[in-house]
Structure formats: structure tokens, C-alpha cells
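Right, one structure below, let's go through it.
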Amino acid sequence: QVQLVESGGGLVQAGGSLRLSCAASGSIFSINAMGWYRQAPGKQRVLVAAITSGDSTNYADSVKGRFSISRDGAKNTVYLQMNSLKLEDTAVYYCNLLRGGIYYWGKGTLVTVSS
């Protein structure tokens, strides 16, 4: 089994920054990729950013140039640095891990951007 625990969410003013962390534990050998998704109220969960075991990254167009994903392999942790936050970034952010064709999910952390 895989456990993912997110942290770092909270309330921030527009234009501010937050850093999310996701620590993986359990059967975490041979991780293919980790990433962050978000789900705004009334909307579907969508990909924000992902990073592979080879450190290739992928970003949603809406966050390119503002968000940065990174990982610490030794700590089995993935980070999402979010800068220049906008009101529309308000959502629950979920950590995601892909291993052996199976996706694992964290419980989510709420990010609220205020004006």
C-alpha cells in the first residue's frame, strides 16, 4: 500500500505564494511519477503538474511560469511551489503517485486565494 500525506495548504492573498508538500510512504518502490491535481468547487479534478522519476515535468497551461514541481527522492517527497497565486487557483489540491500502472491519491489540502 501507498500512503500520501499533503501539507502546506492555507489562505493566501492574490499574488502571494504557497509551497505544498506531499510525503509518500509504504510500498513506494519503482515510482513512475508523482504529481498534483486540483479540484475547484463544482469542477472536475484536473492535473496541475507532474514529475517523473527521471525528473521530466509537465504543467497545466494555466500554471506555467507560476508553479514549479520538484521532488526529493531521498525523502520520497514532492513539492509544488506556487507563486503569483490567483483567485482561480482556489481549490483542493491532491497529491498523486503512479506506480505499476496504479494511481494513488492523498486526501487533499485546501488552498484558498483571497482578493
Side-chain angles (χ1 to χ4, degrees):
Q1 265 294 6
V2 174
Q3 294 81 40
L4 301 172
V5 179
E6 302 104 332
S7 61
L11 176 65
V12 63
Q13 284 192 324
S17 299
L18 279 176
R19 188 194 195 205
L20 304 183
S21 300
C22 172
S25 61
S27 302
I28 52 176
F29 52 89
S30 301
I31 295 173
N32 299 115
M34 293 185 72
W36 291 93
Y37 285 68
R38 68 186 182 188
Q39 186 167 18
K43 296 190 177 182
Q44 290 186 330
R45 190 176 300 187
V46 296
L47 174 69
V48 176
I51 185 166
T52 70
S53 57
D55 289 330
S56 295
T57 58
N58 183 39
Y59 294 93
D61 288 342
S62 60
V63 306
K64 284 180 181 177
R66 300 189 298 121
F67 290 11
S68 178
I69 190 169
S70 61
R71 68 184 188 95
D72 184 332
K75 296 181 179 179
N76 297 309
T77 299
V78 66
Y79 305 97
L80 185 68
Q81 178 65 44
M82 305 186 294
N83 298 327
S84 302
L85 283 160
K86 303 177 180 180
L87 297 179
E88 52 263 41
D89 294 319
T90 294
V92 177
Y93 285 71
Y94 295 91
C95 179
N96 168 274
L97 182 151
L98 173 63
R99 181 179 72 84
I102 299 174
Y103 287 94
Y104 299 87
W105 295 92
K107 294 184 178 181
T109 185
L110 177 63
V111 172
T112 303
V113 184
S114 65
S115 59

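Numbering of residues begins at 1 and proceeds along the displayed sequence.
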Side chains of residues 5-13: which donor-acceptor partners sit under 3.5 Å, not counting sequence neighbours?
{"residue": "Glu6", "atom": "OE1", "partner": "Lys107", "partner atom": "N", "Å": "3.1"}
{"residue": "Glu6", "atom": "OE1", "partner": "Gly108", "partner atom": "N", "Å": "2.9"}
{"residue": "Glu6", "atom": "OE2", "partner": "Cys95", "partner atom": "N", "Å": "2.8"}
{"residue": "Glu6", "atom": "OE2", "partner": "Gly108", "partner atom": "N", "Å": "3.1"}

Ignoring hydrogens and angles, write down the donor-acceptor pairs under 3.5 Å from the side chains of residues 41-52, residues two or more places apart or on other chains.
{"residue": "Thr52", "atom": "OG1", "partner": "Gly54", "partner atom": "N", "Å": "3.2"}
{"residue": "Thr52", "atom": "OG1", "partner": "Asp55", "partner atom": "N", "Å": "3.4"}
{"residue": "Thr52", "atom": "OG1", "partner": "Ser56", "partner atom": "N", "Å": "3.1"}

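Atom CG of Asn96 is separated from atom OH of Tyr103 by 6.5 Å, given to the nearest 0.5 angstrom. Interatomic distance, OH of Tyr37 versus CG of Leu80, reported as 13.0 Å (0.5 Å rounding).
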With salt bridge (Lys or Arg N to Asp or Glu O under 4.0 Å) as the criterion, how do Lys64 and Asp61 come out once you've worked through the C-alpha distance, each side chain's angles and the decisive distance to 0.1 Å? CA-CA 5 Å; Lys64 284 180 181 177; Asp61 288 342; 3.1 Å; yes
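With a 4.5 Å cut-off on side-chain heavy atoms, Phe67 and Ile69 do not count as touching. A 4.5 Å side-chain heavy-atom check between Ser53 and Ile31 finds every atom pair outside the cut-off.
With hydrogens and angles disregarded, no donor-acceptor distance shorter than 3.5 Å links the side chain of Asn76 to the backbone of Ala23. In terms of modelled atom types and a separation under 3.5 Å, the side chain of Arg71 and the main chain of Ala33 share no donor-acceptor contact.
Residues Tyr94 and Val111 fall into different hydrophobic clusters, defined by Ile, Leu, Val, Met, Phe, Trp and Tyr side chains chained together at heavy-atom separations under 4.5 Å. Residues Ile102 and Leu98 do not share a hydrophobic cluster, defined by chaining ILVMFWY side chains whose heavy atoms lie under 4.5 Å apart.
Between Ser21 and Trp36, the shortest heavy-atom distance links the atoms O-CH2, 3.5 Å. Among all heavy-atom pairs drawn from Ser30 and Arg99, the shortest one is O-CG, 3.4 Å. Nearest heavy atoms, Gln81 versus Ser17: NE2-CB, 4.0 Å. Nearest approach of Leu18 to Leu85, heavy atoms of both residues: N-CD1, 3.9 Å. Taking all atoms of both residues into account, the shortest heavy-atom contact from Asp89 to Tyr93 is O-OH, 2.6 Å. When all heavy atoms are compared, the tightest approach of Ser84 to Arg66 is O-NH1, 3.0 Å.
For residues 42-74, there are no disulfide (SG to SG under 2.5 Å) pairs, not counting sequence neighbours.
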